[in-house]
Amino acid sequence: MTQPTPDLDARYQAARRVAQEAAQRGMAFYREREGLVVDHKGDDPQDVVSIADKSLEAFIRAELSGEFPEDGFIGEEEGSCDLDARCIWVIDPIDGTRCFVNGLHNWCVSIGLLVDGEPALGAIADPNHGELFQGRSGHGAFVNGKPLKVHTSQDVRDGVMGVGTTHRPGKENFIPFLQKLLDAGGMFFRNGSGALMTAYVAAGRLIGYYETRIYSWDCLAGLVMLREAGGVANDFFADNGLLDGNPLLVTCPGVYEQVAGMIGPSIK
Ligand code: IPD
Ligand code: CA
Ligand code: CA
């Protein structure tokens with residue numbers, strides 16, 4: 001039996017509403033962050049989590065699965081379910097947790113949606129800066145209603161490049177890349193939120209963003225916006241990137257080849 005066509009208008013509206021509501025809930029935790037118990041995840045000394053991350057993901061899943069019970073989920077804190085569904089929500093309840101627990105204002109809620117395996121829409125809510133980024137395939141991308149457009153730069157000298165790394169495999173590529181970027185007259189920026197840096201490339205604030213390895217919940221929503229804003233990305237979903245993560249390179253079209261050349265074969 002053919003499955004009904006998913007209602008993407010309703011899902012786009014829900015992504016924006018739930019991202020904003022979750023961000024406001026996040027602000028309540030953020031204001032009281034001194035009382036949060038912060039646990040470490042896995043082997044990465046910088047990878048932390050608190051009740052704020054878990055509570056926000058539970059809220060987001062409850063809201064979305066209440067409205068769209070047939071949909072699947074991939075989330076940073078609760079993992080994956082119903083991956084054979086046509087619509088799969090890809091969620092990071094707090095992207096920028098290190099910033100969050102240290103009182104740095106660079107964190108956001110990121111909600112993306114895959115439809116039949118393709119990134120279809122996304123919303124990123126940044127409550128500290130009062131910004132809601134949104135994008136839907138074929139319908140444009142916006143921040144607080146203003147259309148997003150990538151930078152016009154043709155050379156890394158003409159703008160600022162976002163960068164990121166973790167203690168995961170791939171970090172050995174980070175310093176060699178920075179050296180080449182600086183040698184070419186470029187400059188780097190890291191704010192601690194991959195979702196926001198991807199959105200900033202879509203917004204033309206950064207000429208690009210390179211992360212040595214990242215997960216789909218960090219970047220899927222931003223990737224929809226990037227494409228709608230005229231940006232270019234590597235094949236992040238190759239080799240099971242959706243579930244296992246991959247290196248990420250997103251740029252304005254004018255600098256993609258130059259930056260990819262500085263990274264070398266680890267970016268595909
Ligand atoms: C992290 C942030 C960070 C990036 C890491 C991500 P989290 O997500 O996006 O900027 O460098 O790769 O894991 O842990 O704050 O959700
Ligand atoms: Ca994240
Ligand atoms: Ca997170």
Side-chain angles (χ1 to χ4, degrees), residues 19 22-23 25-26 29-30 33 36 38-61 73-80 89-112 122-128 133 161-175 177-178 188-202 205-206 208-223 225-226 234 236 241-250 263 266-267:
R25 285 169 179 251
F29 284 109
Y30 188 59
R33 62 189 169 273
L36 287 177
V38 178
D39 293 319
H40 285 266
K41 289 163 86 176
D43 297 334
D44 183 341
Q46 297 286 331
D47 201 1
V48 292
V49 66
S50 80
I51 188 68
D53 305 74
K54 292 174 183 168
S55 156
L56 261 53
E57 184 159 327
F59 167 75
I60 295 167
R61 283 184 185 237
F73 286 91
I74 297 173
E76 176 164 19
E77 308 304 337
E78 292 182 31
S80 312
W89 295 98
V90 184
I91 299 163
D92 195 342
I94 298 177
D95 184 60
T97 294
R98 263 280 162 191
C99 296
F100 185 101
V101 300
N102 287 299
L104 294 162
H105 288 8
N106 303 310
W107 57 269
C108 62
V109 175
S110 180
I111 300 180
I124 296 175
D126 170 355
N128 283 290
F133 296 87
M161 179 77 200
V163 295
T165 193
T166 61
H167 290 275
R168 294 172 208 133
K171 76 173 175 184
E172 65 282 0
N173 298 317
F174 188 64
I175 299 294
F177 170 72
L178 280 187
F188 62 89
F189 170 85
R190 179 177 199 252
N191 76 349
S193 163
L196 284 177
M197 285 194 285
T198 307
Y200 292 170
V201 180
R205 298 175 189 176
L206 297 173
Y209 164 48
Y210 166 52
E211 175 93 22
T212 54
R213 185 172 193 89
I214 202 163
Y215 289 106
S216 59
W217 49 78
D218 302 306
C219 62
L220 193 135
L223 279 170
M225 298 167 203
L226 178 92
N234 69 311
F236 175 79
L242 179 65
L243 297 179
D244 296 343
N246 255 332
L248 176 71
L249 175 62
V250 291
I263 300 168
S266 62
I267 204 82

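When a ligand or atom number is given, it counts from 1 through the structure's own listing order.
- Counting only protein N, O or S atoms, the number found under 3.0 Å from the Ca ion (ligand 3) is 3.
- Considering only heavy atoms from C-beta on, T166 comes within 4.5 Å of E211 through its side chain.
- Of all the listed residues (A195, G164, G192), G192 holds the heavy atom that lies closest to atom 3 (C) of ligand 1.
- Close approach to S193 involves these atoms of ligand 1, each under 4.0 Å from a residue heavy atom: 9 (O), 10 (O).
- By the 4.0 Å heavy-atom criterion, M197 is excluded from the residues contacting ligand 1.
- Against a heavy-atom cut-off of under 4.0 Å, T165 is close to the following atoms of ligand 1: 11 (O).
- Between Y210 and L249 there is a side-chain heavy-atom pair separated by less than 4.5 Å.
- With ligand atoms numbered from 1 in the order given, ligand 1 contributes 7 (P), 15 (O), 16 (O) to contacts under 4.0 Å with heavy atoms of G96.
- The contact set between ligand 1 and I94, taken as ligand atoms under 4.0 Å from a residue heavy atom, comprises 16 (O).
- Between L196 and I124 the shortest side-chain heavy-atom distance falls below 4.5 Å.
- Y215 places a side-chain heavy atom less than 4.5 Å from the side chain of D218.
- Residues T198 and M225 fail the side-chain proximity criterion, which asks for heavy atoms closer than 4.5 Å.
- Each of the following atoms of ligand 1 lies closer than 4.0 Å to a heavy atom of D95: 1 (C), 2 (C), 7 (P), 8 (O), 9 (O), 15 (O), 16 (O).
- Counting atoms of ligand 1 from 1 in the listed order, those under 4.0 Å from a heavy atom of G194 are 2 (C), 9 (O), 10 (O).
- The ligand atoms of ligand 1 that sit less than 4.0 angstrom from a heavy atom of D92 are 16 (O).
- An N or O contact shorter than 3.5 Å is missing between R98 and ligand 1 by distance.
- When side chains are defined from C-beta on, P93 counts as touching E77, because their heavy atoms get closer than 4.5 Å.
- Between E211 and ligand 1, at least one N/O pair is under 3.5 Å apart.
- A donor-acceptor pair is defined here as one N or O able to donate and one able to accept, closer than 3.5 Å; such a pair exists between the side chain of R33 and the backbone of Y30.
- Annotation for N234 and P247: closest pair ND2-O, 3.1 Å, computed over non-hydrogen atoms.
- In this structure, the side chain of D95 does not engage the main chain of C108 through any donor-acceptor pair within 3.5 Å.
- For the pair N191/M197, a side-chain contact is recorded, criterion being any heavy-atom separation below 4.5 Å from C-beta on.
- When side chains are defined from C-beta on, I267 does not count as touching F177, because their heavy atoms never get closer than 4.5 Å.
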